[in-house]
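Data block below; observations after.
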Amino acid sequence: MQVIDCNYSECLRDQVMAFSVDPAASIPWIVRLLENSQSPLALPGDISLFNHDCLHILLGRDRAPESEAYVIGFTMGNDAKCQRIHLWIFKIFALLFYPQKYRLRWSDLKEFDRGVRDGRQVEVKNLNQIDFSHLQDYSVKELRAQFHLSSLIQ
C-alpha cells in the first residue's frame, strides 16, 4: 500500500480531480448494488463514487487494491449501522462475485479489516453520508483535522 503524496494545503477539489479515473457509468452493476448510496440493497457504508474518491484522498490512500480494500473497510466500519453480517456479505461478494478489476484478493482482507477497525475508532461517524461536494474548497489538511483523520495517515 502506498500513501498518496499530495499537497495537504491544496483544496480537496484539485486533489479529487487529479485522483478520479473511473466514471460512475463504468462501475459494474454488482458493485453499485452493494456499495452505491442510490441502491436499495446497499450495505452500510454505501457511498457515492465522488465521496468515495474524497475519502481516498482524506485517508491518504492510492488506487492499489489493498488501498481500495482499506477505504471500503473504513467506510463500512465508520457507518453506525454496520454489523458483522454486513462485513461477511461484502467479503463474500468482493472475493467471489465482483468482476476481476474490482475483486478483492485474499491478501487484501487484512487491509479491509484494518480499515473497519480504524473506521470504528474515528470519533466522527457516518462519513459516508457527508456531502463532500460542499467541502471541496477546504484543504485536505483542514478536512482531516475536522473529521479527526490525521492520526490515520502514515
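Bear in mind the structure is a predicted one, so any value in this text is a computation, not a measurement.
Contact annotation: the side chain of Lys141 never approaches that of Arg144 to less than 4.5 Å [non-hydrogen atoms, C-beta and beyond]. No side-chain heavy atom of Phe112 sits under 4.5 Å from any side-chain heavy atom of Glu66. Counting heavy atoms from C-beta outward, Tyr138 and Leu12 have side chains that stay 4.5 Å or more apart. Side-chain atoms of Phe147 and Leu135, non-hydrogen and from C-beta on, do get closer than 4.5 Å to each other. For the pair Ile130 and Asn51, the minimum side-chain heavy-atom distance is 4.5 Å or more. A 4.5 Å side-chain heavy-atom check between Arg105 and Pro65 finds at least one atom pair inside the cut-off.
Leu149 and Phe19 fall within a single hydrophobic cluster, where Ile, Leu, Val, Met, Phe, Trp and Tyr are joined by side-chain heavy atoms under 4.5 Å apart, directly or via other members. When hydrophobic clusters are built by joining Ile, Leu, Val, Met, Phe, Trp and Tyr residues whose side-chain heavy atoms come closer than 4.5 Å, directly or via intermediates, Ile85 is grouped together with Leu104. No continuous path of ILVMFWY side-chain contacts below 4.5 Å connects Ile27 to Phe50, so the two sit in separate hydrophobic clusters. Note on Leu55: it does not cluster hydrophobically with Val116, by side-chain heavy-atom contacts below 4.5 Å among ILVMFWY residues. Hydrophobic cluster membership is shared by Trp106 and Leu87, with clusters built from Ile, Leu, Val, Met, Phe, Trp and Tyr side chains linked at under 4.5 angstrom.
Considering only residues two or more places apart in sequence or on other chains, Asp131 meets the side-chain hydrogen bond (donor to acceptor under 3.5 Å, both in side chains) condition with Ser133, His134. Asp14 is linked by a salt bridge (Lys or Arg N to Asp or Glu O under 4.0 Å) to nothing, counting only residues two or more places apart in sequence or in another chain. Not a single side-chain hydrogen bond (donor to acceptor under 3.5 Å, both in side chains) links Arg120 to another residue, sequence neighbours left out. For the side-chain hydrogen bond (donor to acceptor under 3.5 Å, both in side chains) test, no residue two or more places apart in sequence or in another chain qualifies with Lys125. Shown here are the ring-ring contact (aromatic ring centres under 6.0 Å, His included) partners of Phe97, two or more places apart in sequence or in another chain: Phe93. Annotation: side chain to side chain contact (heavy atoms under 4.5 Å, CB included) contacts of Arg13 (sequence neighbours excluded): Cys11, Met17, Gln136, Asp137. Residues meeting the side-chain hydrogen bond (donor to acceptor under 3.5 Å, both in side chains) test with Tyr102, sequence neighbours left out: none. Partners of Gln121 under the side chain to side chain contact (heavy atoms under 4.5 Å, CB included) rule, at least two apart in sequence or in another chain, are Arg117, Asp118. The side chain to side chain contact (heavy atoms under 4.5 Å, CB included) test applied to Asn36 returns Arg32, Gln38, not counting sequence neighbours. In terms of the side chain to side chain contact (heavy atoms under 4.5 Å, CB included) criterion, residue partners of Ala42 (sequence neighbours excluded) are, by chain and number, Ser39, Asp46.
Taking the ring centre of Tyr70 as origin, the terminal cationic atom of Arg61 falls inside the region bounded by 6.0 Å and 45° from the ring axis.
Nearest heavy atoms, Arg114 versus Glu111: NH1-OE1, 3.0 Å. The two residues His52 and Ile47 have their closest heavy-atom pair at N-CD1, 3.6 Å.
To the nearest 0.5 angstrom, Ile153 atom CD1 is 8.0 Å from Ser151 atom OG. Glu142 CD to Ser150 OG: the interatomic distance, rounded to the nearest 0.5 Å, is 11.0 Å. To the nearest 0.5 Å, atom CG of residue Asp108 and atom NZ of residue Lys110 are 12.0 Å apart. Leu43 contributes atom CG, which lies 5.0 Å from atom CG of Leu34 (distance to the nearest 0.5 angstrom). Rounded to the nearest 0.5 angstrom, Leu96 CG and Arg103 CZ are separated by 7.5 Å.
Residue pairs meeting the salt bridge (Lys or Arg N to Asp or Glu O under 4.0 Å) criterion with at least one partner in residues 82-91, sequence neighbours excluded, are Lys91-Asp113.
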Determine all donor-acceptor pairs shorter than 3.5 Å in which one atom belongs to a side chain in residues 72-79; sequence neighbours excluded.
from	atom 1	to	atom 2	distance (Å)
Thr75	OG1	Val71	O	2.7
Asn78	OD1	Asn126	N	2.9
Asn78	OD1	Leu127	N	2.8
Asn78	ND2	Gly119	O	3.1
Asn78	ND2	Val124	O	2.9
Asp79	OD1	Lys81	N	2.8
Asp79	OD2	Gly45	N	2.8
Asp79	OD2	Asn128	ND2	3.2

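The aromatic rings of Phe90 and Tyr98 lie perpendicular to each other, with more than 60° between the two planes, well past the 30° mark.
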Open item on the list: Apply side-chain hydrogen bond (donor to acceptor under 3.5 Å, both in side chains) to residues His56 and Glu68 and explain how you reach the verdict.
Closed with: CA-CA 8 Å; His56 265 277; Glu68 187 65 31; 2.8 Å; yes
